[in-house]
Every structure is written in structure tokens, then in C-alpha cells.
Amino acid sequence: LLPKYKDPLLGWFYHYMKNGETLMDAIYDTENVPREDPFSQNPVRVFRDIGTTVFRSGWQADDFIFVMRTGPFRNHQFMDQGSFWLSDRNTVFIDRRHGSTEPYVGAVLYEPWYIQPVSHSTILIDGNHQSQRTGDIRNFAPGFDDYAFISHFLDGDHASFVSGDIGRVYWGKVKEMQRNIIYLKPRTLLMLDTVVPVEKDVDVTLLYQTLHLKDITAGTDVSTINKDGKVLQINHMYPKNLTVNAVETPHYFYTLLRERPLEREGMLTVTTRTSGIPLVIANLLSTDSDVTYEQGDGFVWGTVNKAAFCFSTRPGKIYQQGDITTDALALCPAGNNTFVALCTTFNNVNGLTVDSSKQITFEVSQVSTEAVSAFKYYIAEVSTVQIGAPEPLESVSVNGKKIDSSALSGNRKNVSLTLPAGEGEIQLISRHR
């Protein structure tokens with residue numbers, strides 16, 4: 001691929017990863033391909049086609065790194081939808097089980113354990129180790145769309161958000177299931193797993209895979225994974241009727257062959273049950289231990305290392321927290337900047353309102369003395385969005401294009417927009433500035 005496409009990023013990656021000269025270096029001209037490292041690029045990325053989300057605080061080995069898979073099935077894959085990997089301060093805290101190999105060498109646990117959800121940091125239903133099935137392949141044929149996918153993604157200044165929809169691969173045991181992740185920069189995750197049951201309620205178990213059982217301390221309110229003197233704290237925020245355990249896991253084929261002495265391996269499990277209504281399971285993962293939170297009427301709000309957050313405990317219902325009234329799944333205020341995930345209505349006491357016909361994720365901020373508000377948003381479907389400003393508007397632009405003044409109300413404080421699906425930007429310019 002190097003001499004064919006001469007891609008500078010691929011050129012850098014090839015030389016960065018290889019160890020010594022190879023036959024390929026003799027056959028192809030790999031030395032003269034241009035090289036450009038990725039370190040000037042945004043370390044927060046989404047790869048929709050394969051369903052991979054990456055949240056990083058930077059490009060160094062000791063930076064915070066989170067990777068999650070919620071995407072279509074491909075050939076030769078494991079049942080790993082919703083599984084994630086987490087590293088911080090140069091230590092891997094959350095991974096998948098290790099030490100197996102292909103089944104033809106006699107690894108008898110390969111198919112019932114190693115390739116199944118039970119070996120990944122994902123979700124089980126009713127304790128079934130094989131809770132997931134293979135989904136359809138993306139773009140295979142019209143109608144073949146039973147696969148996991150990323151529904152919403154937005155990267156903001158102080159927070160980022162992704163919603164991975166994985167319910168379609170759970171054998172019809174749930175009506176809906178999403179892994180919603182708020183990344184509070186630089187090194188905290190608020191994980192909001194939402195489950196909508198069908199006719200029968202189900203047990204829901206979250207799995208957190210780590211290497212050794214001795215590294216896990218399970219607690220009702222807080223669990224920890226301690227490695228090399230570094231601690232990942234998992235705050236079990238909601239609901240309170242949780243069963244939390246450190247569970248021993250089997251050794252796999254290669255582990256038995258190669259490691260001496262053997263150490264007990266394990267995972268942390270968090271289990272609760274649906275009760276006929278949408279269930280929210282909230283866990284906050286961070287290597288910063290300064291965490292406080294309180295439960296309100298239909299929501300939980302708190303801070304981690306002075307960064308504020310709030311999330312709904314009754315998805316789709318309106319709640320009021322401080323100066324904000326909304327039905328958002330989560331929001332993160334920070335001064336003049338507010339990040340809002342999955343809402344249809346938002347009302348700030350200062351006079352800013354947002355009403356959308358479909359769920360919208362957005363970040364709103366005052367970016368200059370001229371702009372009342374600037375929106376960076378993501379919508380999964382074409383939506384009608386009405387925005388109210390605290391003062392009359394001179395103009396409104398969407399994705400750099402000024403809209404016709406007929407979209408403004410008589411007092412010029414409200415604007416009605418039809419926004420296309422995808423990510424975009426809106427800028428509101430005050431009339432009196």
C-alpha cells in the first residue's frame with residue numbers, strides 16, 4: 001500500500017511500528033514514501049463504518065485513552081459489541097480476557113468463553129455468557145441492518161459524547177440498549193447504559209475485565225482497580241439496588257502454557273434489574289478521586305475534580321437542575337459553555353431555549369462579544385429545531401451560510417430551522433452588538 005498510495009500517515013505508521021528490515025523493504029520502495037505523524041490531529045475521533053470511538057487526552061503513553069466498539073459485524077469477529085478498553089497514566093485498567101488462541105489447537109474454552117460477551121467489558125442479559133449474536137454486515141443488502149451502530153457523536157471543548165446502540169444483537173431480550181459515554185476531559189468517563197425491556201424484565205450485568213483478581217476491590221458505592229500503585233475508581237452512582245462482585249475467571253490455553261506461577265484472574269461485575277420502564281445504569285470511571293454527587297427529582301448531579309455533570313434517571317422526562325430545565329440524558333455546564341447530550345428541550349434561565357423534533361446533542365457557548373450563542377450540534381435525523389435567544393438577533397447562520405430573515409419571529413428572539421442529519425454549527429448574532 002505504501003508505494004501505491006504514498007499516504008504520509010501510513011508511511012509514518014509503517015516505520016513507527018516495524019522492527020528491523022523485512023522482505024517487503026527489499027521488494028518495495030518503502031523508504032522514500034513521505035511520512036507525517038498524527039500528533040497535530042485531534043486525539044478524539046469516531047470511526048463510524050467500523051463502530052469505533054476513541055477518546056484520548058493526548059498522544060503520550062501516559063495520557064488517558066478510551067476505545068469502545070459499537071459497530072457492524074465483520075468476518076472473523078468476537079461477540080464484543082459495547083466492549084471497551086481503558087488506559088491511563090501508562091496503565092491498562094480495563095481490557096478483554098487474554099491468553100487464548102485459535103480453536104484448532106485445543107483451546108476448549110475458545111468458543112463458549114473467549115469469543116463471547118463474557119470475556120469482554122460489555123453487558124450480559126440474564127447472566128447469559130452468550131447474550132449477543134452476530135449482527136448483519138454493514139451495507140450488505142437493503143433490510144439487513146440488525147447490527148450495532150453509533151447514533152450520536154460530538155466532540156466539544158470540555159466534554160465529548162458518544163451513544164452506541166447495541167440492542168439489536170441481544171436476541172430480542174431487550175427493546176433498546178445504548179452505551180452512552182460522556183468524556184469529561186481530560187481523564188474521566190461518565191458511562192450511562194440505558195436499557196428498555198420488552199414484555200419481561202431482565203437482569204442486566206455490566207462487565208469490567210482486568211488482569212488479576214487481586215487488583216479488584218468491589219464495593220456497593222465505589223469499586224477500584226489497583227495496578228502498580230495506580231487506581232481506577234468506579235463510582236456506582238445509579239441505581240442503588242446493585243449487586244457488585246469480583247468474579248474469578250478461567251485461565252486460557254496460552255496462559256497455562258506460558259505463565260508461571262499462575263495468578264487468579266478476574267472481572268468486576270455490576271448487576272441490577274429492569275422494572276418495566278427504561279433503566280439507567282450510571283458509573284463514573286476516573287483516576288481522579290475527588291468525586292461528589294447527589295440525587296435530585298429524576299436526575300443526579302455532581303462534580304469530579306471540579307468539573308460539573310448532571311444526568312437523567314428517567315430518560316425522556318423533563319427535570320430541573322439549577323438554572324436549567326431539560327429532558328437531556330446528560331449535561332455538563334462549564335462557565336459560558338454547556339454541553340448537552342440527547343435532548344429535545346432545553347431552557348436556560350438566562351433566556352436561551354432549544355426545542356427539537358428529534359433528539360439533538362449540542363454544545364453552546366458565547367464565543368465573542370458579537371455572538372450571543374454559538375452551537376456545535378449533532379442530529380441523527382433531519383429535524384426541526386427552534387432556538388430562543390435572550391435578546392433580538394441581527395442574523396443567524398448555519399454551517400457558515402446566513403439564513404433568510406423570514407425564519408425569525410416578529411421580535412427576532414426566536415428562529416425556526418430545519419437542520420440536516422449530521423454535525424453542524426449555528427451562530428446567533430445579537431442585533432444590539
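Numbers for residues simply follow the sequence, beginning at 1.
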Item to check | P38 side chain near W59 side chain, heavy-atom distance below 4.5 Å | outcome: yes
Checklist entry - Have T269 and T205 got a donor and an acceptor in their side chains that come within less than 3.5 Å? => result no
Next on the checklist: More than 12 heavy atoms of other residues, nucleotides or ligands under 6.0 Å from CZ of F78: yes or no?
Outcome noted: yes
Checklist entry - Say you draw a straight line from CD of E111 to CE of M79; how long is it, rounded to the nearest 0.5 Å? => result 9.5 Å
Checklist entry - Got more than 12 heavy atoms from elsewhere within 6.0 Å of CG, N42? => result yes
Checklist outcome for this item: To the nearest 0.5 Å, atom OG of S312 lies from atom CZ of F299 at 10.0 Å
Item to check | F73 ring center within less than 6.0 Å of Y147 ring center | outcome: no
Checklist entry - So does K175 have more than 12 non-hydrogen atoms from other groups sitting under 6.0 Å from NZ? => result no
Item to check | Residues T287 and D88: side-chain donor-acceptor under 3.5 angstrom | outcome: yes
Next on the checklist: Determine whether a donor-acceptor pair (N or O, by modelled atom type, separation under 3.5 Å) exists between the side chain of N245 and the backbone of V247.
Outcome noted: no
Checklist entry - In Å and rounded to the nearest 0.5 Å, what is the OG1 to NZ distance from T326 to K317? => result 14.5 Å
Checklist entry - Between T224 and Q233, do the side chains contain an N or O donor and an N or O acceptor separated by less than 3.5 Å? => result no
Checklist entry - Hey, is NZ on K227 packed in by over 12 heavy atoms from elsewhere, all under 6.0 Å? => result yes
Next on the checklist: Taking the side chain as everything from C-beta on, heavy atoms only, tell me whether V54 gets closer than 4.5 Å to V46.
Outcome noted: no
Checklist entry - So, T91 versus K230: side-chain donor-acceptor pair below 3.5 Å or not? => result yes
Next on the checklist: Less than 4.0 angstrom from a charged side-chain N to a carboxylate O is my criterion; do D80 and R69 meet it?
Outcome noted: yes
Next on the checklist: Can you see whether Y252 engages S119 through a side-chain donor-acceptor pair at a distance of less than 3.5 angstrom?
Outcome noted: yes
Checklist entry - From L184 CG over to H158 NE2, what is the distance, rounded to the nearest 0.5 angstrom? => result 7.0 Å
Checklist entry - Is a salt bridge present between K185 and D155, judged by a nitrogen-to-oxygen distance below 4.0 Å? => result yes
Next on the checklist: Tell me if the centroids of the rings in F39 and W12 come within less than 6.0 Å of each other.
Outcome noted: yes
Checklist entry - Stepwise, does the salt bridge (Lys or Arg N to Asp or Glu O under 4.0 Å) test hold for D288 with K306? => result CA-CA 10 Å; D288 292 323; K306 298 183 180 180; over 6 Å; no
Item to check | side chain to side chain contact (heavy atoms under 4.5 Å, CB included) between D49 and R138, intermediate numbers included | outcome: CA-CA 8 Å; D49 283 350; R138 187 182 183 94; 3.5 Å; yes
Item to check | Audit row: R97, E265, salt bridge (Lys or Arg N to Asp or Glu O under 4.0 Å) steps and yes/no | outcome: CA-CA 9 Å; R97 297 257 57 86; E265 297 186 357; 3.5 Å; yes
Checklist entry - Relative to each other, are the rings of Y238 and F311 parallel, tilted or perpendicular (30° and 60° limits)? => result perpendicular
Checklist entry - So, the side chain of N305 versus the backbone of D290: is there a donor-acceptor pair under 3.5 Å, distance only? => result no
Checklist entry - Are S406 and D404 close enough that a side-chain donor and a side-chain acceptor fall under 3.5 Å? => result yes
Next on the checklist: Ignoring hydrogens, what is the shortest heavy-atom contact between A328 and Y319? Give both atom names and the distance.
Outcome noted: O-OH, 2.9 Å
Checklist entry - Of all residues at least two apart in sequence or in a different chain, which pass the ring pair (Phe, Tyr, Trp, His ring centres under 6.0 Å) check with H152? => result Y378
Checklist entry - S286 and T188: side-chain donor and acceptor closer than 3.5 Å? => result yes
Checklist entry - Would D63 and R56 satisfy salt bridge (Lys or Arg N to Asp or Glu O under 4.0 Å), going step by step from the backbone distance to the final call? => result CA-CA 7 Å; D63 282 320; R56 300 182 62 124; 5.5 Å; no
Item to check | N347 and T325: side chain donor to acceptor below 3.5 Å | outcome: no
Next on the checklist: Tell me whether S131 contacts the main-chain N or O of I125 through its side chain, where contact means a donor paired with an acceptor under 3.5 Å.
Outcome noted: yes
Checklist outcome for this item: In short, L419 meets V398 closest at the heavy-atom pair CD2-CG1, 4.0 Å
Checklist entry - Would you say the side chains of T210 and D215 form a donor-acceptor pair under 3.5 Å? => result no
Next on the checklist: Is it true that, when you exclude Q60 itself, more than 12 heavy atoms of the residues, nucleotides or ligands shown sit nearer than 6.0 Å to its CD?
Outcome noted: no
Next on the checklist: salt bridge (Lys or Arg N to Asp or Glu O under 4.0 Å) for D221 and K240? Distances and angles first, verdict last.
Outcome noted: CA-CA 8 Å; D221 297 318; K240 287 303 179 184; 3.6 Å; yes
Next on the checklist: Ring centres under 6.0 Å, that's the criterion: do F161 and F153 meet it?
Outcome noted: no
Item to check | Donor-acceptor contact present, side-chain T122 to main-chain Q81, <3.5 Å | outcome: yes
Next on the checklist: Can you tell me how far apart CZ (R273) and OG1 (T243) are? Round to the nearest 0.5 Å.
Outcome noted: 11.5 Å
Next on the checklist: With a sphere of 6.0 Å drawn around CZ of R264, does it hold more than 12 non-hydrogen atoms of other residues, nucleotides or ligands?
Outcome noted: no
Checklist entry - So does D297 pair up with R314, basic N to acidic O under 4.0 Å? => result yes
Item to check | N226 side chain near T217 side chain, heavy-atom distance below 4.5 Å | outcome: no
Checklist entry - Within a reach of under 6.0 Å around CZ of F47, are more than 12 heavy atoms found that belong to other residues, nucleotides or ligands? => result yes
Checklist entry - With no hydrogens and no angle check, do the side chains of T220 and H236 hold a donor and an acceptor under 3.5 Å apart? => result no
Next on the checklist: Quiz question: by atom type and distance under 3.5 Å, do the side chains of Y377 and E423 form a donor-acceptor pair?
Outcome noted: no
Item to check | Smallest separation among heavy atoms of I182 and A330, with atom names | outcome: CG1-CB, 4.0 Å
Item to check | K18-T30 side chain donor-acceptor pair, cut-off 3.5 Å | outcome: no
Checklist entry - Is there side-chain contact between R35 and P8, with at least one heavy-atom pair below 4.5 Å? => result no
Checklist entry - What are the two closest non-hydrogen atoms of G424 and N399, and how far apart are they? => result CA-OD1, 3.1 Å
Next on the checklist: Ring centres under 6.0 Å, that's the criterion: do Y183 and F55 meet it?
Outcome noted: yes
Next on the checklist: Quick check: F339 with F362 (ring centres under 6.0 Å apart)?
Outcome noted: no
Checklist entry - Stepwise, does the side chain to side chain contact (heavy atoms under 4.5 Å, CB included) test hold for V340 with V364? => result CA-CA 8 Å; V340 183; V364 58; 5.5 Å; no
Checklist entry - Between T345 and D355, does any side-chain donor sit less than 3.5 Å from a side-chain acceptor? => result yes
Checklist entry - Hey, are the side chains of I281 and V204 touching, using non-hydrogen atoms and a 4.5 Å cut-off? => result yes
Checklist entry - Taking atom types as modelled and ignoring hydrogens, do the side chains of D165 and Q178 form a donor-acceptor contact shorter than 3.5 angstrom? => result yes
Next on the checklist: Please check if the number of heavy atoms outside L1 that lie under 6.0 Å from its CG is greater than 12.
Outcome noted: no
Item to check | Worked verdict on T292 versus T303 for side chain to side chain donor-acceptor pair (under 3.5 Å) | outcome: CA-CA 5 Å; T292 62; T303 62; 2.9 Å; yes
Item to check | Contact summary for M267 and V118, nearest pair of heavy atoms | outcome: SD-O, 3.9 Å
Next on the checklist: In the structure I gave you, are the side-chain heavy atoms of I379 and V385 within less than 4.5 Å of one another anywhere?
Outcome noted: yes
